[in-house]
Amino acid sequence: MPYKTRYVEKQIESALETSGTVVVVGPKFCGKTTTCKLFAKSSYILDSKQKIELVQSSPESILIGDTPRLIDEWQHVPDLWNCARSEIDRREDKFGQFIFTGSATPEDKDDIYHSGSGRIVKIEMRPMSLYESLDSSGKVALLDLFDAPDDKIFVTNEDYRLQDTAFFICRGGWPLSIVDDREKALRITKNYYSTLFEFENNRNKKFRNKKKNTFQMVLRSYARNISTEARRKTMIDDVSEHEGKKMDPDTFDEYTDALRDLYIINDIEAWNPNFRSKTSIISTPTRHFVDTSIAAGVLNITPNDLMFDPATFGLFFEDFAVKELSIYVSNVGGEIRHFRDGNGLECDSVIHLEDGRYGLVEIKLGGETLISEGIKTLSVLTNKIKDNKQQPPAFRMILTAAGNAYTTREGIHVVPINVLR
């Protein structure tokens, strides 16, 4: 299977020029090792119990080799970072010495990352976007919308159907599942989900002592509340209602913390503009997954199921769109936020760049009615921002699941997911 270029490559290349160790984190099977091997001149993979035990006895020994040296799944031996830090201090060349990859956060992460000040750069790698998997034409660039927001766009997209988006949601962005045979692709993704909670070689008690069925119960609750601002209590009650089992709040917190450390769930924080009005801003994070296919897997949802359930399709598409946007802004230091106030005014995604510019994005399946709703929401929020004499958005966009790309008379860009990059 030919390698497909990833957005994260530019971040890794830049980090190696200014840091001794680059730590690339992300969920299992998102392609971390394959991508990092492009930059490594030697490597060691901690992929067996025997190797892990060997390295634990002498962690500094596996740091010897041509640099950059790649250590894969380094979190199995957290002391490797302390050894790498000492080795960087000792060497004349301080930059580009090591690349560490891992699909889980080390148990003693606070001590490790604190001690890495000035020597470590952490980069999060996600599953593939549609542009990376060559399923998006990329005719509309997100950064161009920031740089030239007044330019009108029009792209015909007649060969792309809503069913295609339903498929991409369930397939996910796992490199191994990017194959032409769609049925095979879905089976590969299903196999990925079935191995999500196998920790037989993991010495970290945070994962090793966890029950697979409890992980699945918590994930099912997350999936049932996907793209919403469901509170912790709401999701705990959801477990009791749907799973028939009472869950202790501490247990729920313990498992959600583990899911974050495994880079499976990825909540989006709220955007809190400094409005002068007394309207409260809802600060609850929006519940999201690192890849929507995990939510589909845990609920056994197929592309056909989404096509016959527009409400669920809309929530899953919002999660999918947030993942895509997060990848596209990652190389320019962007971040995604969500906005909703006490009066119900909501914006699905607020994209911030490091230079202070931001864009407002409504996420809709498509169709005249939903697009009109998105135009109204963006117009009301823009006027509220104007009334508060705050910096206006650089652009406004409605991100759809299918259809043509065009600019409305209000200056709002309507962009289908498969033409964005």
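Computed over heavy atoms, backbone and side chain alike; hydrogens, waters and symmetry mates excluded.
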| field | Validation row: Val415, Thr400 side chains within 4.5 angstrom (heavy atoms) | value | no

| Arg187 with Glu183: basic N within carboxylate O range, under 4.0 Å | no

| note | Interatomic distance, CG@Asp150 vs CZ@Phe395, rounded to 0.5 Å, equals 13.0 Å

| query | With a 4.0 Å cut-off, would you call Glu9 and Arg6 a salt bridge? | reply | no

| said: Between Trp81 and Ile120, is there a side-chain heavy-atom distance shorter than 4.5 Å? | reply: yes

| query | Can we say Arg91 and Asp93 salt-bridge, meaning some charged N sits less than 4.0 Å from an Asp/Glu carboxylate O? | reply | no

| field | Pair Tyr7 + Tyr328: ring centers closer than 6.0 Å | value | yes

| note | To the nearest 0.5 Å, atom CE of Met128 lies from atom SG of Cys30 at 10.5 Å

| query | Less than 4.0 Å between a side-chain N and a carboxylate O, is that true for Arg287 and Asp319? | reply | no

| Sub-4.5 Å side-chain heavy-atom contact between Met217 and Lys245 | yes

| task | Step through it carefully: locate the ring centre of Phe98, locate the ring centre of Trp74, and say whether they are under 6.0 Å apart. | result | no

| said: Assess whether a salt bridge exists between Asp348 and Lys364, defined as any Lys/Arg side-chain N lying under 4.0 Å from an Asp/Glu carboxylate O. | reply: no

| message | Could you check whether Lys28 makes a cation-pi contact with Tyr192, meaning its NZ or CZ is under 6.0 Å from the centre of the six-membered ring and within 45° of the ring axis? | response | no

| Heavy atoms of other groups near Asp248 CG, more than 12 under 6.0 Å | yes

| query | If you draw a 6.0 Å radius around NZ in Lys190, do more than 12 non-hydrogen atoms from other residues or ligands fall strictly inside? | reply | no

| Less than 4.0 Å between a side-chain N and a carboxylate O, is that true for Arg231 and Asp237? | no

| Near Gln391 CD, under 6.0 Å, is it more than 12 heavy atoms from other residues, nucleotides or ligands? | yes

| Do Phe146 and Ile351 come close enough that some side-chain heavy atom pair is under 4.5 Å? | yes

| query | Can we say Asp291 and Lys323 salt-bridge, meaning some charged N sits less than 4.0 Å from an Asp/Glu carboxylate O? | reply | yes

| said: Evaluate Asp164 against Arg182 for salt bridge (charged side-chain N to carboxylate O under 4.0 Å, His left out), listing each step before the verdict. | reply: CA-CA 10 Å; Asp164 295 319; Arg182 291 196 168 189; 3.0 Å; yes

| message | Could you check whether any side-chain heavy atom of Ile385 comes within less than 4.5 Å of a side-chain heavy atom of Tyr358, counting everything from C-beta outward? | response | yes

| request: Verify whether the ring centers belonging to Phe29 and Trp174 lie closer than 6.0 Å. | output: no

| said: Around atom NZ of Lys51, are there more than 12 heavy atoms from other residues, nucleotides or ligands closer than 6.0 Å? | reply: yes

| query | With side chains defined as the heavy atoms from C-beta onward, is the minimum distance between Ile265 and Val218 less than 4.5 Å? | reply | no

| Side-chain ion pair, Lys233 and Asp238, N-O less than 4.0 Å | no

| said: Quick check on Lys41: does its NZ atom have over 12 non-hydrogen neighbours (other residues, nucleotides or ligands) under 6.0 Å away? | reply: no

| said: Pair Asn418, Asp135 - check side-chain contact (heavy atoms from CB on, under 4.5 Å), show working. | reply: CA-CA 7 Å; Asn418 72 303; Asp135 293 304; over 6 Å; no

| field | Stepwise side-chain contact (heavy atoms from CB on, under 4.5 Å) check, Asp267 with Arg260 | value | CA-CA 9 Å; Asp267 293 345; Arg260 290 186 189 96; 3.5 Å; yes

| query | How are the rings of Tyr193 and Phe197 set relative to one another: parallel (under 30°), tilted (30 to 60°) or perpendicular (over 60°)? | reply | perpendicular

| task | Using a strict 4.0 Å threshold on nitrogen-to-oxygen distance, state whether Lys384 and Asp341 make a salt bridge. | result | yes

| task | Verify the neighbour count for atom NZ of Lys211: are there more than 12 heavy atoms of other residues, nucleotides or ligands below 6.0 Å? | result | no

| field | Flag side-chain contact, heavy atom, 4.5 Å: Phe215 against Lys210 | value | yes

| field | Side-chain heavy-atom pair Ile363, Ser349 within 4.5 angstrom cut-off | value | yes

